[in-house]
Amino acid sequence: MKYQRIVVKLGTSVLTGGSDRLNRAQMVELVRQMAHLHNNGCEIVLCTSGAIAAGRERLNYPTLDDSMASKQMLAAVGQSQLIQTWENLFNIYGLHVGQMLLTRADLDDRERYLNARDMLETLLKHKIIPIINENDAVATNEIKVGDNDNLSALMVGLADADLLLLLTDQAGLYDANPRTNSDAKLISEVDVIDDELRKIAGDSGTSLGTGGMATKLQAAQLARRSGAAVIIAAGQQSDVIIDICNDERIGTRFNPSENPLESRKRWLLAGPGPVGSIRLDKGASKAVIEKGSSLLAKGIVAIEGRFDRGDMVILHNEVGAEIARGLTRYNSDDLLRIKGQHSQKIEEILGYAYGKVVVHRNNLVIK
Ligand code: GLU
């Protein structure tokens, strides 16, 4: 088997087959494949969507307003249906499942992130299939990852998986929208995710799920940088999961980054959202990118936004392009006073100092 540990993400469109209810025949078919791989020594983490769709089905398609509370209600009802369905289906193959419902808040905090990681490892060690979804019933927009493409990519970092399999209702990423353009060609392999590719991916969401190709590209980038290969393929294709694990060329494959990030940096990339930004001069930008240096006050030319010590900030280069992000040791008020100054002068200016560097290289990840 080519892969040891894979995260399989199943979108709502795969689970419902485009209908308004869970397609149990399709689900059992996917479970059969995952059970086969599991029994052949491959560890599977399942990231499932479909809670809201299942809730609608269970409540017999109620007419609801578009509020957060209505969606949370559907998710609360639907998630229990969804997990019950998975539990029953995996049980056919004698396998147990364990449910983990997460929000961004569980991943932002380093300690909670590490707890989630331990929990995932424990499930896998006991041969239990972890089933992950966003905790939609309690998550508000502010604390949501927002889509399961990105959530599954975060799971790749958390589980240190070597493959992320994004199964959807399309055969992969095309060079034009296949729904509207019959000449569209499947892109079979991607080494670099650049702006051109992002443009191609455009916005091609389905009506039931949250993600489209755009969120799949974000997810692919995150997972690649964690050292995993990523494949987007059609969930309906027969034996798709097994064939991919046997290294058959199916769908669109994104090759893993050649220099994967170590664990803490993965968390930095995945976790806390930035709350402000710091603009660097040319010398500091170069030192951060090329030499992997820490950021010193001296190289700072401007501060944007208000942030606290320990917050995530974006580092912009001299022309305003994002080059990195990292955790700052000084809050924005302090930085306004010490920017451009030598490290030795920090204490004199502020009356205290939290050390010579503003963003330490260990707390910084290059874009
Ligand atoms: N968490 C959502 C659900 O279970 C799905 C989000 C997504 O499809 O990306 O309904």
Side-chain angles (χ1 to χ4, degrees), residues 7-24 26-27 30 45-59 61-62 64 66-87 89 97-107 116 129-156 158 164-170 173 201 203-223 230 232-236 270:
V7 175
V8 179
K9 185 263 172 175
L10 299 172
T12 303
S13 61
V14 174
L15 299 180
T16 60
S19 74
D20 58 4
R21 57 185 61 231
L22 293 180
N23 181 336
R24 285 155 182 87
Q26 168 81 1
M27 288 167 80
L30 293 163
V45 175
L46 174 57
C47 184
T48 181
S49 302
I52 293 178
R56 273 207 190 90
E57 178 184 346
R58 184 73 185 106
L59 297 178
Y61 313 99
L64 297 169
D66 204 24
S67 67
M68 173 68 79
S70 298
K71 288 205 194 85
Q72 290 180 324
M73 180 187 79
L74 291 173
V77 173
Q79 181 62 34
S80 47
Q81 293 295 310
L82 187 62
I83 197 71
Q84 207 178 335
T85 307
W86 285 126
E87 154 78 28
L89 297 180
V97 303
Q99 170 174 258
M100 285 177 75
L101 299 178
L102 299 167
T103 64
R104 174 161 281 290
D106 298 307
L107 304 167
I129 311 275
I131 300 196
I132 321 278
N133 195 0
E134 181 126 46
N135 197 351
D136 292 315
V138 298
T140 50
N141 281 338
E142 295 72 45
I143 61 160
K144 264 189 158 203
V145 175
D147 66 85
N148 279 7
D149 294 325
N150 278 294
L151 182 66
S152 62
L154 295 173
M155 292 307 115
V156 166
L158 203 69
L164 171 61
L165 189 47
L166 297 170
L167 292 182
T168 180
D169 57 355
Q170 288 183 37
L173 180 63
D203 197 0
S204 58
T206 56
S207 56
L208 284 172
T210 309
M213 280 299 164
T215 58
K216 287 186 179 51
L217 277 198
Q218 285 170 5
Q221 179 67 335
L222 195 56
V230 180
I232 302 177
Q236 299 86 336

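Order of appearance sets the numbers: ligands from 1, and atoms from 1 within every ligand.
The shortest N/O to N/O separation between A51 and ligand 1 falls below 3.5 Å. Residue E134 has no nitrogen or oxygen atom sitting less than 3.5 Å from a nitrogen or oxygen atom of ligand 1, judged on distance alone. The shortest N or O to N or O distance between N133 and ligand 1 is under 3.5 Å. Note: an N/O pair closer than 3.5 Å links D136 and ligand 1 by distance alone. Residue contacts with ligand 1: D147 is placed with no nitrogen or oxygen under 3.5 Å of a nitrogen or oxygen of the ligand (distance criterion only).
In this structure, G11 does not count as a contact residue of ligand 1, since none of its heavy atoms falls inside 4.0 Å of the ligand.
Using a 4.5 Å heavy-atom threshold, the side chains of N133 and I83 count as separate.
Side-chain atoms of Q81 never come within 3.5 Å of backbone atoms of G55 as a donor-acceptor pair (strictly under, hydrogens ignored). Looking at N148, its side chain never comes within 3.5 Å of a backbone N or O of L10 through a donor-acceptor pair. Counting only distance, with no hydrogens or angles, the side chain of E134 and the backbone of V145 share a donor-acceptor pair below 3.5 Å. No donor-acceptor distance shorter than 3.5 angstrom exists from the side chain of Q236 to the backbone of G17, with no hydrogens or angles considered.
For D136, the side-chain hydrogen bond (donor to acceptor under 3.5 Å, both in side chains) criterion is met by K144, not counting sequence neighbours.
Heavy atoms from both the backbone and the side chain of I52 come within less than 4.0 Å of ligand 1.
Of all atoms in ligand 1, listed by their number and element, those nearer than 4.0 Å to a heavy atom of S49 are 4 (O), 5 (C), 7 (C), 8 (O).
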